[in-house]
Enquirer: 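So that we are looking at the same thing, I have put the structure below in structure tokens.
Here the structure is a predicted model, which means the values were calculated and not measured.
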Amino acid sequence: MINIAIDGPAGAGKSTIAKAAAANLGFVYVDTGALYRAIGLYIIGCGIGTKDAAKIETALSGINIKLKFVDGEQRVILNDVDVSLKIRTPEVSMAASDVSAIPCVRAFLFDLQRSIASENNCIMDGRDIGTVVLPNADIKIFLTALPEERARRRYDEFILKGVETTFDEVMKDISQRDYNDANRPIAPLKPAENAIIIDTTGNDLEQSVNIIINTIRERI
Ligand code: DC
């Protein structure tokens with residue numbers, strides 16, 4: 001199987017770009033952030049603090065997460081309920097970042113991610129795909145952009161989806177998550193040693209998608 005890892009900070013355009021590239025290549029697109037978001041959503045629903053490692057470890061036994069791929073779209077199924085839309089709120093973003101720093105949460109999701117990659121030609125995006133989940137990925141890309149531009153893109157996405165928020169709130173969320181994700185002791189956000197670093201600041205979506213597709217096609 002061909003596995004392509006795309007890592008990078010929130011709002012770098014990973015999901016939109018990886019999805020378009022996967023469709024072009026006929027690969028499955030796997031958004032691993034959605035898995036952490038599903039756990040964040042569940043933990044909020046239980047009324048447990050999103051940094052309470054001991055309670056979260058116990059709560060994990062009540063969680064069953066599956067990914068379904070319908071017409072190239074990933075759906076996240078949490079305890080038999082499709083939560084694909086519910087996990088896209090600012091509150092769940094922050095909860096996902098919090099729970100993702102807890103080692104047992106990462107271990108819980110590790111096998112699921114590995115088994116999807118072993119069964120599919122895929123582009124998998126996240127924070128630690130090239131460094132931890134798929135260290136032998138065929139291609140590793142680290143996608144980034146300046147924080148203001150990432151916040152602007154996320155803000156525009158929220159507005160399109162009808163999520164109520166402000167640019168300042170999104171900027172604060174992005175900065176906080178960048179800090180959390182890059183500074184946690186376990187599987188922090190950082191480029192793999194052999195990652196190709198691509199900065200999409202100033203690019204429109206089509207330009208970024210073309211760069212990624214060309215980068216991949218040159219190598220496979
Ligand atoms: O990609 P995203 O914004 O949907 O991810 C939500 C959070 O999940 C992110 O802030 C950190 C965490 N995450 C992670 O720790 N490792 C991954 N491979 C993917 C996401």
Side-chain angles (χ1 to χ4, degrees), residues 6-23 29-51 56 59 63 65-102 105 109 123-127 143-182 184 189 200-206 208-209:
I6 302 190
D7 291 301
K14 293 187 303 291
S15 53
T16 320
I17 294 169
K19 198 170 171 186
Y29 163 59
V30 188
D31 163 14
T32 63
L35 300 170
Y36 292 91
R37 286 170 180 270
I39 295 187
L41 177 71
Y42 181 83
I43 295 301
I44 294 172
C46 292
I48 297 172
T50 52
K51 293 184 179 169
I56 290 173
I63 301 183
I65 299 180
K66 291 196 195 100
L67 291 183
K68 273 207 312 205
F69 300 97
V70 182
D71 298 332
E73 285 287 327
Q74 172 183 293
R75 313 296 301 177
V76 190
I77 314 298
L78 170 67
N79 294 339
D80 297 324
V81 178
D82 187 333
V83 293
S84 310
L85 289 180
K86 265 184 124 178
I87 56 174
R88 300 288 159 198
T89 67
E91 188 195 13
V92 176
S93 302
M94 197 54 76
S97 182
D98 284 346
V99 300
S100 74
I102 301 171
V105 170
L109 294 175
I123 301 187
M124 187 172 279
D125 94 29
R127 302 294 188 288
L143 203 62
T144 187
L146 287 177
E148 291 72 19
E149 180 148 339
R150 292 190 280 115
R152 170 62 56 196
R153 291 177 189 165
R154 263 292 143 89
Y155 175 72
D156 290 347
E157 276 171 27
F158 279 137
I159 297 304
L160 261 182
K161 284 186 197 152
V163 176
E164 259 183 56
T165 185
T166 62
F167 176 78
D168 286 350
E169 205 180 338
V170 177
M171 185 70 211
K172 213 172 118 210
D173 166 86
I174 292 253
S175 310
Q176 180 69 53
R177 286 206 291 143
D178 279 358
Y179 183 84
N180 286 355
D181 299 346
R184 65 183 176 220
L189 168 68
T200 65
T201 308
N203 291 356
D204 65 24
L205 182 61
E206 200 184 334
S208 297
V209 170

Enquirer: Check Ser84 against Gln74 and note the closest heavy-atom contact, atom names and distance.
Expert: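 Answer, listing the atom of Ser84 first, then Gln74: OG-O, 4.3 Å.
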
Enquirer: Who are the side-chain hydrogen bond (donor to acceptor under 3.5 Å, both in side chains) partners of Glu206, not counting sequence neighbours?
Expert: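 Counting only residues at least two positions away or on another chain, Glu206 forms no side-chain hydrogen bond (donor to acceptor under 3.5 Å, both in side chains).
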
Enquirer: Could you name each residue pair satisfying salt bridge (charged side-chain N to carboxylate O under 4.0 Å, His left out) that touches residues 143-155, not counting sequence neighbours?
Expert: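 Found Glu149-Arg153, Arg150-Asp178, Arg154-Glu157.
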
Enquirer: Would you be so kind as to tabulate the donor-acceptor pairs closer than 3.5 Å made by side chains of residues 89-96, with sequence neighbours excluded?
Expert:
unit_1 : atom_1 : unit_2 : atom_2 : d
Thr89  : OG1    : Val92  : N      : 3.2
Ser93  : OG     : Arg37  : NH1    : 3.2
Ser93  : OG     : Arg37  : NH2    : 3.4
Ser93  : OG     : Thr89  : O      : 3.1

Enquirer: Just so I know, are the side chains of Leu67 and Val76 near enough to count as touching, which here means a heavy-atom distance under 4.5 Å?
Expert: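 Leu67 reaches Val76 side chain to side chain.
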
Enquirer: Taking only residues two or more places apart in sequence, or in another chain, which ones meet Ser100 in a side-chain contact (heavy atoms from CB on, under 4.5 Å)?
Expert: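 Result, side-chain contact (heavy atoms from CB on, under 4.5 Å) vs Ser100: Tyr36, Arg106, Asp181, Arg184.
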
Enquirer: Holding to side-chain contact (heavy atoms from CB on, under 4.5 Å), I want the full list of residues that pass it with Ala59, two or more places apart in sequence or in another chain.
Expert: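 With sequence neighbours excluded, Ala59 shows a side-chain contact (heavy atoms from CB on, under 4.5 Å) to Tyr42, Ile43, Ile48, given in chain and number order.
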
Enquirer: Report the residues that fulfil side-chain hydrogen bond (donor to acceptor under 3.5 Å, both in side chains) with Tyr29, sequence neighbours left out, ordered by chain and then residue number.
Expert: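 So Tyr29 forms a side-chain hydrogen bond (donor to acceptor under 3.5 Å, both in side chains) with Asp125.
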
Enquirer: side-chain hydrogen bond (donor to acceptor under 3.5 Å, both in side chains) with Asn180: which residues, sequence neighbours excluded?
Expert: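 Partners of Asn180 under the side-chain hydrogen bond (donor to acceptor under 3.5 Å, both in side chains) test: Ser97, Gln176.
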
Enquirer: List the residues meeting side-chain hydrogen bond (donor to acceptor under 3.5 Å, both in side chains) with Thr165, not counting sequence neighbours, and say none if there are none.
Expert: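 For Thr165 the side-chain hydrogen bond (donor to acceptor under 3.5 Å, both in side chains) partners, ignoring immediate neighbours, are Glu169.
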
Enquirer: With sequence neighbours excluded, tell me which residues meet side-chain contact (heavy atoms from CB on, under 4.5 Å) with Lys66.
Expert: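 Here the qualifying residues are Asn64, Ile77, Asp80.
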
Enquirer: Applying salt bridge (charged side-chain N to carboxylate O under 4.0 Å, His left out), name anything that partners Asp82, two or more places apart in sequence or on another chain.
Expert: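 Checked Asp82 against salt bridge (charged side-chain N to carboxylate O under 4.0 Å, His left out); matches are Arg75.
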
